[in-house]
Structures are given as C-alpha cells and as structure tokens.
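Below is one structure, written out as structure tokens; comments come after it.
Indexing begins at 1, ligand by ligand and atom by atom, following the structure's order. Here the structure is a predicted model, which is why all the values come from computation and not from measurement.
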Amino acid sequence: MKFFVDTADVAAISELNDLGMVDGVTTNPSIILKSGRDILEVTKEICSIVSGPVSAEVVAMKSDEMIAEGRKLAAIAPNIAVKVPLTWDGLKTCKVLSSEGFMVNVTLCFSVNQALLAAKAGATFISPFIGRLDDINLDGLDLIADIRTLYDNYDFNTQILAASVRTVNHAKDCALIGADVMTAPPGVIKQMANHILTDKGLEQFMADWAKTGQKIL
Ligand code: G3P
C-alpha cells in the first residue's frame, strides 16, 4: 500500500520523505487554509520535495471553470494530480482532464456508485472518506472493501486512495482490504511505529545493558 501524506506542512512532509514514507501528498482547501500559505506556492514547494503524485484541489463548482483551474494547477509540476469533487461537474472535469493526460483524484466519495462513475470517467484515484462515514455511524472500511470488489470485478485501473484516515487501525485495515493508497496526517503515520510492548521491552533491555557496564562506542 502506498502512503500519501494528507498535509501541506512542508517540514512534516520532508521528515517523512527522508524516511521513504512518502509516495505522494494530498491537499484540500481546508489543508491549504491550515497551512496559511498560498496554494500555488506551497504546492510548488511540495512538488519539489516529493516525486510522487501531489493532489491539488479545484474550487470552482462548474465544469468549465474547474477544467481551467485544473489546467492551471497541473501546470505547477508534472506530478500534480488534479483533485475534483464527486459531483456531475467534477466527473465531467475528470473526463476532460484525464483525456488530456493529467492525473485526476476524484474526492469526497461516499458510495460504491460514486466510485463506479469516477472509474468510468477515467479517474486515476478515487478518494473514499473513511472517518467521515464513521462519524455518522456508517462503516467507512466497508466502503473501501466494496470498492475493492467492484474495481477487481471489472479490472478498473482507478486506484483506491483511502482518505479521512484518522487512526492506526484505519491504516491497518486499509492495507488488509487492499486499498492501493492511504492518505493520512503525518501524526497517524508516525503512530504506526508505536507499540507498548516495544517500549516495555526496550526499557528492560536498557536496564540490563546498564548493569553490564559495557559501551559499544
Ligand atoms: O483526505 C481527506 C481528509 O483531509 C479529510 O479528513 O479527517 O477531515 O475527514 P478529515
């Protein structure tokens, strides 16, 4: 499973990228707001750090304007994936931009039928939001599993980019279900390294090592 980082925090992206943990980056208007940066500038900077796909989202509601915004965002760098919402206008935009050879990430997906339409419109990525389904007492991971079945049934090339990943268990389950990609905040990716028995075991090893009186360096 590929790891995308769901942030526009350049320092956090760099830290994870240096560890080989970053296969791509996703942003959205809320993330740009949080960064306090200009969308074109920060996206360009991210693209200079990360070689994989960097999603940048259009904000127009009508397809003509979405397409124009998408072309402008795509001009930032060759690894831009234009992010469009899963609306009828977003699907039209997806079809046009993917036909022009651009990567397109269709976002705000909450149903299997939406994922089916996105694949037929040529989406490179479909972004089902796990956490936001969980928020309303539905099961976001069920949606990931259902889209996996759908895409495998018909050999769609669209990659499942599990989004709104809030916990380490979301990350684990996405990997077990077979999501192609998950995008998560840097904190969730770092938490994946934690285990209470690792901490406990290390504490014991360090205590015993101190008793040996030895040094390695
Ligand atoms: O990738 C989508 C993500 O940014 C949304 O996450 O936690 O706001 O639902 P969240």
Check your understanding: Distance only, no hydrogens: is a donor on one side chain within 3.5 Å (strictly under) of an acceptor on the other, for T183 and T26?
Key ->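 Per modelled atom types, T183 and T26 side chains form a pair under 3.5 Å.
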
Report every pair formed by an N or O atom of ligand 1 and a protein N or O atom separated by less than 3.5 Å, giving atom names and the distance to 0.1 Å.
{"residue": "ligand 1", "atom": "1 (O)", "partner": "D6", "partner atom": "OD1", "Å": "3.3"}
{"residue": "ligand 1", "atom": "1 (O)", "partner": "D6", "partner atom": "OD2", "Å": "2.9"}
{"residue": "ligand 1", "atom": "4 (O)", "partner": "D6", "partner atom": "OD2", "Å": "2.6"}
{"residue": "ligand 1", "atom": "4 (O)", "partner": "N28", "partner atom": "ND2", "Å": "3.1"}
{"residue": "ligand 1", "atom": "7 (O)", "partner": "R166", "partner atom": "NE", "Å": "2.7"}
{"residue": "ligand 1", "atom": "8 (O)", "partner": "R132", "partner atom": "NH2", "Å": "2.8"}
{"residue": "ligand 1", "atom": "9 (O)", "partner": "R132", "partner atom": "NE", "Å": "2.7"}
{"residue": "ligand 1", "atom": "9 (O)", "partner": "S164", "partner atom": "OG", "Å": "2.7"}
{"residue": "ligand 1", "atom": "9 (O)", "partner": "R166", "partner atom": "NH2", "Å": "3.0"}

**Study point:** R166 vs D134, salt bridge (charged side-chain N to carboxylate O under 4.0 Å, His left out): CA-CA, chis, key distance, verdict
**Key:** CA-CA 10 Å; R166 309 246 182 92; D134 291 358; over 6 Å; no

Side-chain polar contacts of residues 13-25 - donor-acceptor pairs under 3.5 angstrom, sequence neighbours left out - could you list them?
{"residue": "S14", "atom": "OG", "partner": "V10", "partner atom": "O", "Å": "3.2"}
{"residue": "E15", "atom": "OE1", "partner": "K190", "partner atom": "NZ", "Å": "3.2"}
{"residue": "E15", "atom": "OE2", "partner": "K190", "partner atom": "NZ", "Å": "3.1"}
{"residue": "N17", "atom": "ND2", "partner": "I49", "partner atom": "O", "Å": "3.2"}
{"residue": "D23", "atom": "OD2", "partner": "F3", "partner atom": "N", "Å": "2.7"}

Practice item. Would you please name every residue forming a side chain to side chain contact (heavy atoms under 4.5 Å, CB included) with N153, sequence neighbours left out? Key: T149

**Study point:** Fellow cluster residues of L33, listed by chain then number, with links counted only when side-chain atoms sit under 4.5 Å apart
**Key:**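 Other cluster members: none.
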
Point to revise | Exam field: side chain T27 to backbone S55, donor-acceptor pair closer than 3.5 Å | key: yes

